[in-house]
There are 2 protein chains.
Amino acid sequence: MQEHYAHPEMKTVQLADVLHALSDPLRLRIVAALATGDERGWGDFDAPVAPSTLSHHMKVLRQAGLVTHRREGTRCIVALRPELEARFPGLLDTVLRLAPERAAADRTGGE
Amino acid sequence: MQEHYAHPEMKTVQLADVLHALSDPLRLRIVAALATGDERGWGDFDAPVAPSTLSHHMKVLRQAGLVTHRREGTRCIVALRPELEARFPGLLDTVLRLAPERAAADRTGGE
DNA sequence: AAGGTTGTTCGATGAATATCGAATGACCAT
DNA sequence: ATGGTCATTCGATATTCATCGAACAACCTT
């Protein structure tokens, strides 16, 4: 495990990569959970997959420029990358507004 | 070849499916080319792939609810599905606004 | 009917992806 | 140091995907 995670430069991130990263239901759910702007610990997403699988999805999100990873002691803190908005204005807002996973839908009584 | 193409009901189309369909550069280009609202003949996209490959991508776009296929004589006419806007308001506008393929569409089409 | 045009379908293939369990590495507490 | 917790990496596997050429089907023209 490295102390420093590799994050791509935002200008090198392609739209198709972001869309691909968002096209997996679990990853979409993770991004939606981060949409409040709060950081989340790695384990705070109770994803129905093995730790190794979750790690894989986190890596995809990181390499697509969607999230940052930061180490804090033994925990791993995840957050949305703020520069994403400058690179693709409005994209994340639009997608998350339409995502069934979004927190608001849960609050207003989804299924 | 069937006279009637299978198009999914819009309400059954999932966001992740749409994002996945848009996450391929060639498919994104095709959708961008259709964004003017005009119909296009199947062969009007000079895609750098074999006909069978193009047919595959067209099928993906059709099954994701993005486009309609219509037969006209021996030709095949493709167009964006208008109901998509009602299902996912603003999604396509946002994605296409950010797509690099838009520049090419602007040059040859204008707006 | 015979032939040409236009997409689709059918294998086949190599690359990418999602998933898991096991092993490993980094860090903290004792 | 020893052990525990947390996340990543490593193999392995099954699935999906993009791609092609070949064969086929639908349609129009002659």
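Convention: sequence-line order gives letters A, B, ...; per-chain numbering from 1.
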Engineer: Starting at CD of A:E83, measure out to CE of A:M10 and round the result to the nearest 0.5 Å.
Structural biologist: 4.5 Å
Engineer: Can you name the one residue among B:L84, B:L34, B:V60, B:I30 that meets side-chain contact (heavy atoms from CB on, under 4.5 Å) with B:L66?
Structural biologist: B:L84
Engineer: At their closest point, which heavy atom of B:Q63 faces which heavy atom of B:P8, and how far apart are they?
Structural biologist: O-CG, 3.4 Å
Engineer: Would you kindly give the CZ-to-C1' distance between B:R62 and C:dT9, to the nearest whole Å?
Structural biologist: 12 Å
Engineer: Rounding to an integer number of Å, can you tell me how far A:Y5 OH sits from D:dT9 P?
Structural biologist: 8 Å
Engineer: Please determine whether a side-chain nitrogen or oxygen atom of A:R75 lies at a distance below 4.0 Å from atom OP1 or OP2 of C:dC27.
Structural biologist: no
Engineer: Does B:W42 put a side-chain nitrogen or oxygen below 4.0 Å from OP1 or OP2 of C:dT5?
Structural biologist: no
Engineer: Roughly how far apart are A:R87 CZ and A:E9 CD, rounded to 0.5 Å?
Structural biologist: 11.0 Å
Engineer: Go through D:dA7, C:dT6, D:dC6 for me and flag the one nearest to the A:C76 side chain.
Structural biologist: D:dA7
Engineer: Got a minute to check which stems DNA chain C is part of, using Watson-Crick or G-U wobble pairs under 3.5 Å, three or more consecutive?
Structural biologist: C:1-30 with D:1-30
Engineer: Which listed nucleotide (D:dT8, D:dT9, C:dT9) is nearest to the side chain of A:H69?
Structural biologist: D:dT8
Engineer: B:F45 has an atom CZ; how far is it from atom P of C:dT6, in whole Å?
Structural biologist: 15 Å
Engineer: For residues 44-54 of chain B, tabulate all N or O donor-acceptor pairs below 3.5 Å that involve a side-chain atom, not counting sequence neighbours.
Structural biologist:
{"unit_1": "B:D44", "atom_1": "OD2", "unit_2": "B:G41", "atom_2": "N", "d": "2.9"}

Engineer: Taking the side chain as everything from C-beta on, heavy atoms only, tell me whether A:V13 gets closer than 4.5 Å to A:F88.
Structural biologist: yes
Engineer: What is the distance from CG of A:L61 to P of C:dA18, rounded to the nearest Å?
Structural biologist: 10 Å
Engineer: I need the single residue from B:D93, B:L98, B:L91 that forms a side-chain contact (heavy atoms from CB on, under 4.5 Å) with B:V95. Which is it?
Structural biologist: B:L91
Engineer: For C:dT8, does OP1 or OP2 lie under 4.0 Å from any side-chain N or O of B:S55?
Structural biologist: yes
Engineer: Measure the distance from CZ on B:R70 to C1' on D:dC27 and round it to the nearest whole Å.
Structural biologist: 15 Å
Engineer: Rounded to whole Å, please give me the gap between CZ in A:R71 and P in C:dG25.
Structural biologist: 14 Å
Engineer: I need the A:I77 CD1 to A:T68 OG1 distance, nearest 0.5 Å.
Structural biologist: 10.0 Å
Engineer: One character per nucleotide, please: for nucleotides 16-23 of chain D, 5' to 3', B when the base has a protein heavy atom closer than 4.0 Å, S when only the sugar-phosphate does, - otherwise.
Structural biologist: -SSBBBB-
Engineer: Would a 4.5 Å heavy-atom cut-off, applied to side chains only, mark B:R70 and B:E72 as touching?
Structural biologist: yes
Engineer: Between C:dA18 atom C1' and A:L28 atom CG, what is the distance in whole Å?
Structural biologist: 16 Å
